[in-house]
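Worksheet for the structure shown next.
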Amino acid sequence: MAGRAPKLNAGKELHRSNKDLAEREELTPIYQRQEFRPPKELTKAERKVWKFLVQVFRETVNCRVSDADVDMMVLYCRAKVATDEADAALKEDPRAYLVYECGEDKDGNPKQVLKANPNIKKRNDNAALCIRLADQLGLSPQARAKAGLQAANAKRKDDPFRKLMKRKDT
């Protein structure tokens with residue numbers, strides 16, 4: 001068998017030991033309470049989404065976001081409202097293509113053009129943006145799992161997996 005022999009470092013520590021994970025967990029900031037005041041430029045519908053978002057942050061993720069994330073929260077509110085508006089328009093007119101009159105041909109017959117329903121694209125684009133922003137803000141299950149158990153349920157003081165992570169089996 002050809003090739004290079006593997007290097008063995010017996011004294012080398014693992015990249016992510018339990019000690020490193022515990023230290024990272026302790027050093028991760030968890031904001032107990034912040035006043036997320038809605039920006040003045042939000043509409044009434046966007047303020048409703050803002051209030052829901054702030055409530056979720058306070059109860060679920062325990063304010064892992066800071067005041068620096070306000071712009072992302074505003075974008076999330078706008079994308080959510082735009083998604084809801086496009087969805088409501090699609091409930092009224094669910095056609096995939098719309099017929100538009102565009103004048104007459106040389107014989108005097110009306111010309112028609114089929115165009116894709118713009119509300120479908122609006123809904124899909126804004127829904128995708130909502131999903132990306134929710135993931136960035138820690139609102140998706142995957143984002144909460146990446147943040148760790150303490151961040152996902154920060155109000156709970158006893159961590160059922162902490163004993164498992166600190167156990168010393170030989």
Side-chain angles (χ1 to χ4, degrees), residues 14-98 100 114-167:
L14 295 174
H15 292 287
R16 288 177 33 160
S17 67
N18 286 346
K19 179 183 174 189
D20 293 337
L21 290 174
E23 287 175 1
R24 184 181 73 181
E25 185 73 19
E26 295 299 324
L27 293 176
T28 303
I30 296 179
Y31 306 103
Q32 295 301 319
R33 181 163 175 83
Q34 287 182 323
E35 296 297 326
F36 290 110
R37 294 195 176 108
K40 294 177 181 176
E41 66 267 9
L42 291 180
T43 65
K44 187 176 181 179
E46 291 168 351
R47 283 182 190 270
K48 188 175 180 183
V49 175
W50 178 275
K51 287 180 184 179
F52 166 77
L53 197 59
V54 169
Q55 179 183 1
V56 167
F57 284 146
R58 288 196 178 128
E59 292 179 4
T60 308
V61 230
N62 202 11
C63 292
R64 252 213 200 242
V65 297
S66 68
D67 292 332
D69 302 319
V70 168
D71 290 335
M72 282 183 31
M73 292 169 62
V74 169
L75 287 176
Y76 177 83
C77 292
R78 289 184 178 150
K80 176 76 169 98
V81 168
T83 302
D84 292 343
E85 289 171 353
D87 200 36
L90 282 172
K91 286 180 182 176
E92 292 176 11
D93 188 8
R95 296 179 294 169
Y97 292 95
L98 302 176
Y100 293 100
L114 284 177
K115 290 190 177 182
N117 191 338
N119 289 317
I120 293 175
K121 182 172 176 22
K122 181 180 176 182
R123 181 187 61 187
N124 292 343
D125 290 348
N126 284 302
L129 181 60
C130 277
I131 290 169
R132 281 196 310 266
L133 290 171
D135 190 47
Q136 291 293 318
L137 290 169
L139 297 174
S140 69
Q142 184 178 11
R144 288 191 301 272
K146 284 181 187 176
L149 184 65
Q150 183 178 358
N153 193 359
K155 290 185 179 179
R156 184 177 176 146
K157 291 293 181 190
D158 57 329
D159 185 351
F161 295 107
R162 189 175 301 275
K163 291 178 186 175
L164 182 67
M165 294 294 288
K166 291 184 178 182
R167 124 181 136 187

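These values consider heavy atoms only, across backbone and side chains, with no hydrogens, waters or symmetry-generated copies. Since this is a predicted model, take the numbers as computed values, not measurements.
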Taking side-chain contact (heavy atoms from CB on, under 4.5 Å) as the test, write out the residues that go with [X], two or more places apart.
X: K91; answer: D87
X: A89; answer: N119
X: E92; answer: none
X: F52; answer: V56

Determine all donor-acceptor pairs shorter than 3.5 Å in which one atom belongs to a side chain in residues 129-139; sequence neighbours excluded.
from, atom 1, to, atom 2, distance (Å)
D135, OD1, S140, OG, 2.8

For [X], what residues pass the side chain to side chain donor-acceptor pair (under 3.5 Å) criterion, not counting sequence neighbours?
X: R78; value: none
X: N124; value: none
X: K121; value: D125
X: R47; value: none

Does NZ belonging to K122 count more than 12 external heavy atoms closer than 6.0 Å?
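Above 12, so yes.
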Evaluate the side-chain proximity of W50 to V70: yes if any heavy-atom separation is below 4.5 Å, no if none is.
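A side-chain contact exists here, since the closest heavy-atom pair is under 4.5 Å.
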Below 4.5 Å, heavy atoms only, C-beta onward: do L98 and P118 meet side chain to side chain?
yes
For L53 against C77, the heavy-atom pair lying closest together:
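Heavy-atom minimum between the residues: CD2-SG, 4.4 Å.
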Shortest non-hydrogen separation from R95 to I120 and the atoms involved
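Heavy atoms only, the tightest pair is O-CD1, 4.2 Å.
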Those residues at least two apart in sequence (or on a different chain) that pass salt bridge (Lys or Arg N to Asp or Glu O under 4.0 Å) with D71 are none
